[in-house]
Amino acid sequence: MKQSVTVPDVAAFDFDGTLTEGGSVLDFLTTVSGRAKVLTATAALAPRLAHGALAGGTVADETKEQLFERILAGEDAARVEQVAEWFARHHLARHLRRDIQERFDQHRLRGDRVIIVSASPEVYVRVAGQLLGAHGTVATRLAVDDRGALTGQYDGANCRGQEKLRRLRAWMVADGATPDRLWAYGNSRGDLRMLEAADVGVNVGRLGRLGRLRAFGALHDSPLG
């Protein structure tokens with residue numbers, strides 16, 4: 001008689017607004033380049049940033065990249081890596097959502113493969129994932145030129161929307177993960193494709209039934225069992 005084999009689930013967690021309170025990108029940019037440079041860049045791009053926030057999609061992706069170019073272009077990549085190490089620890093200490101961390105840890109303790117999938121820069125989200133004990137991290141990569149400096153451009157695509165789902169699936173293939181169930185946790189429309197593709201999509205947004213992901217159950221509606 002063949003013994004049954006338990007196949008671990010995969011649990012994918014967004015970062016900003018899901019594992020942590022609020023956003024992290026502007027705080028990170030300020031930590032790297034200083035408040036004055038960030039304020040100047042955001043003021044110059046204010047109309048585009050507002051339009052991108054409303055329109056979403058490629059408009060938001062392109063505007064975010066323009067912001068990165070204004071602030072990060074020319075920054076030494078090795079120094080940014082060092083800053084990212086400090087920033088990840090500091091950000092988690094101040095902004096980690098304990099209820100979501102508890103669910104994250106529950107998945108880990110029962111043997112599931114846990115991954116963070118984020119549109120924020122991979123340089124610090126990867127460190128946060130290591131600190132939290134994630135099995136993997138996929139996030140927006142920053143391009144580095146042949147002099148070892150950031151260009152401010154993406155290396156690949158902004159990891160949101162359909163790109164989040166594509167990168168998650170690619171990670172699962174590389175990891176050899178063939179789960180019975182895929183769980184996905186998110187808080188905004190950038191997570192919608194990932195939640196739609198999951199067997200269990202969980203809306204952890206603060207707006208609940210008023211938010212973009214209102215079609216999905218809340219944390220208390222989706223027990224691990």
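Residue Ser120 comes nearest to Ser24 through the heavy atom pair OG-OG, 3.6 Å, listed as atom of the first residue, atom of the second, then distance. Taking all atoms of both residues into account, the shortest heavy-atom contact from Ile115 to Thr137 is CG1-N, 4.1 Å. Between Ala41 and Ile71, the shortest heavy-atom contact is CB-CG1, 3.6 Å. Nearest heavy-atom pair, Arg103 versus Pro223, reported as atom, atom and distance to 0.1 Å: NH2-CA, 3.9 Å. Scanning all heavy atoms of the two residues, the minimum distance from Phe68 to Pro121 falls at CZ-CG, 4.0 Å. Closest non-hydrogen pair, His91 versus Gly23, comes out as CE1-O, 3.8 Å.
Heavy atoms of other residues, nucleotides or ligands lying less than 6.0 angstrom from CZ of Arg89 number 12 at most. For Arg48, the CZ atom is loosely surrounded, since the number of other residues' heavy atoms within 6.0 Å does not exceed 12.
Expressed to the nearest 0.5 Å, how far NE2 of His220 lies from CG of Asp99 amounts to 11.0 Å. Rounded to the nearest 0.5 Å, atoms OG1 (Thr20) and CZ (Arg94) are 12.0 Å apart. Taking CD of Glu85 as the start and NE2 of His90 as the end, the distance is 15.0 Å to the nearest 0.5 Å. In this structure, CD in Gln101 is found 8.5 Å from CG in Leu92, a value given to the nearest 0.5 Å. With values rounded to the nearest 0.5 angstrom, Arg35 atom CZ is found 12.0 Å from Thr40 atom OG1. The CG atom of Leu109 lies 10.5 Å from the CG atom of Leu224; values are rounded to the nearest 0.5 Å.
Side chains of Asp27 and Phe87 form a contact here, defined as non-hydrogen atoms less than 4.5 Å apart. A 4.5 Å side-chain heavy-atom check between Asp76 and Val80 finds every atom pair outside the cut-off. Side-chain contact check for Glu122 versus Val138: every heavy-atom pair is 4.5 Å or farther apart.
Arg97 places a side-chain N or O within donor-acceptor distance of the main-chain N or O of Gly17, the cut-off being under 3.5 Å. For the pair Thr140 (side chain) and Cys159 (backbone), a donor-acceptor distance under 3.5 Å is present. For the pair Asn158 (side chain) and Arg160 (backbone), a donor-acceptor distance under 3.5 Å is absent. Checked by atom type and distance alone, the side chain of Tyr154 pairs as donor or acceptor with a backbone atom of Asp61 at under 3.5 Å. Put simply, the side chain of Asn187 never gets that close to the backbone of Val204: no donor and acceptor are under 3.5 Å apart. Side chain of Arg167 to backbone of Ala139: a donor-acceptor contact under 3.5 angstrom is found.
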Leu72 vs Leu142, side chain to side chain contact (heavy atoms under 4.5 Å, CB included): CA-CA, chis, key distance, verdict: CA-CA 9 Å; Leu72 295 177; Leu142 301 176; 4.0 Å; yes
CA sep, side-chain torsions, deciding dist, call: Leu213, Leu195, side chain to side chain contact (heavy atoms under 4.5 Å, CB included): CA-CA 9 Å; Leu213 304 181; Leu195 267 65; 3.7 Å; yes
Stepwise side chain to side chain contact (heavy atoms under 4.5 Å, CB included) check, Asp221 with Phe216: CA-CA 9 Å; Asp221 297 322; Phe216 300 94; over 6 Å; no
Pair Lys64-Glu69, side chain to side chain contact (heavy atoms under 4.5 Å, CB included): steps then yes or no: CA-CA 9 Å; Lys64 178 180 169 183; Glu69 287 182 287; over 6 Å; no
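Cluster annotation: Leu219 is connected to Leu132 through the hydrophobic network of ILVMFWY side chains, with a link wherever side-chain heavy atoms come within less than 4.5 Å. Follow the hydrophobic side-chain contacts under 4.5 Å out from Val38 and you reach Leu67 in the same cluster. Phe104 and Val117 fall into different hydrophobic clusters, defined by Ile, Leu, Val, Met, Phe, Trp and Tyr side-chain heavy atoms under 4.5 Å apart, directly or through other members. Hydrophobic clustering, with ILVMFWY side chains joined whenever heavy atoms are under 4.5 angstrom apart, keeps Val10 apart from Leu165. Cluster membership check: Val123 shares its hydrophobic cluster with Phe15, using side-chain heavy-atom separations under 4.5 Å among Ile, Leu, Val, Met, Phe, Trp and Tyr.
Using a cutoff of 4.0 Å between basic side-chain nitrogens and carboxylate oxygens, Arg108 and Asp105 are scored as salt-bridged. In this structure, Arg110 pairs ionically with Asp9, as a charged nitrogen and a carboxylate oxygen lie closer than 4.0 Å. The pair Arg79-Glu75 meets the salt-bridge criterion, with a side-chain N (NZ, NE, NH1 or NH2) lying under 4.0 Å from an Asp/Glu carboxylate O. Here Asp191 pairs with Lys164 in a salt bridge; the nearest charged N to carboxylate O distance falls below 4.0 Å. A salt bridge links Glu81 to Arg126: at least one charged side-chain nitrogen sits closer than 4.0 Å to a carboxylate oxygen.
Neither side chain, Asp145 nor Thr151, offers a donor N or O lying under 3.5 Å from an acceptor on the other.
For Arg166, the side chain to side chain donor-acceptor pair (under 3.5 Å) criterion is met by Glu163, not counting sequence neighbours.
If you run side-chain contact (heavy atoms from CB on, under 4.5 Å) between Ile116 and each of Asp14, Leu19, Thr18, only Leu19 comes through.
A tilted orientation is assigned to the rings of Phe28 and Tyr124, their planes being inclined by 30° to 60°.
Under the ring-ring contact (aromatic ring centres under 6.0 Å, His included) criterion, the residue pairs touching residues 178-205 are Phe13-Tyr185, His107-Trp183, His107-Tyr185, with sequence neighbours excluded.
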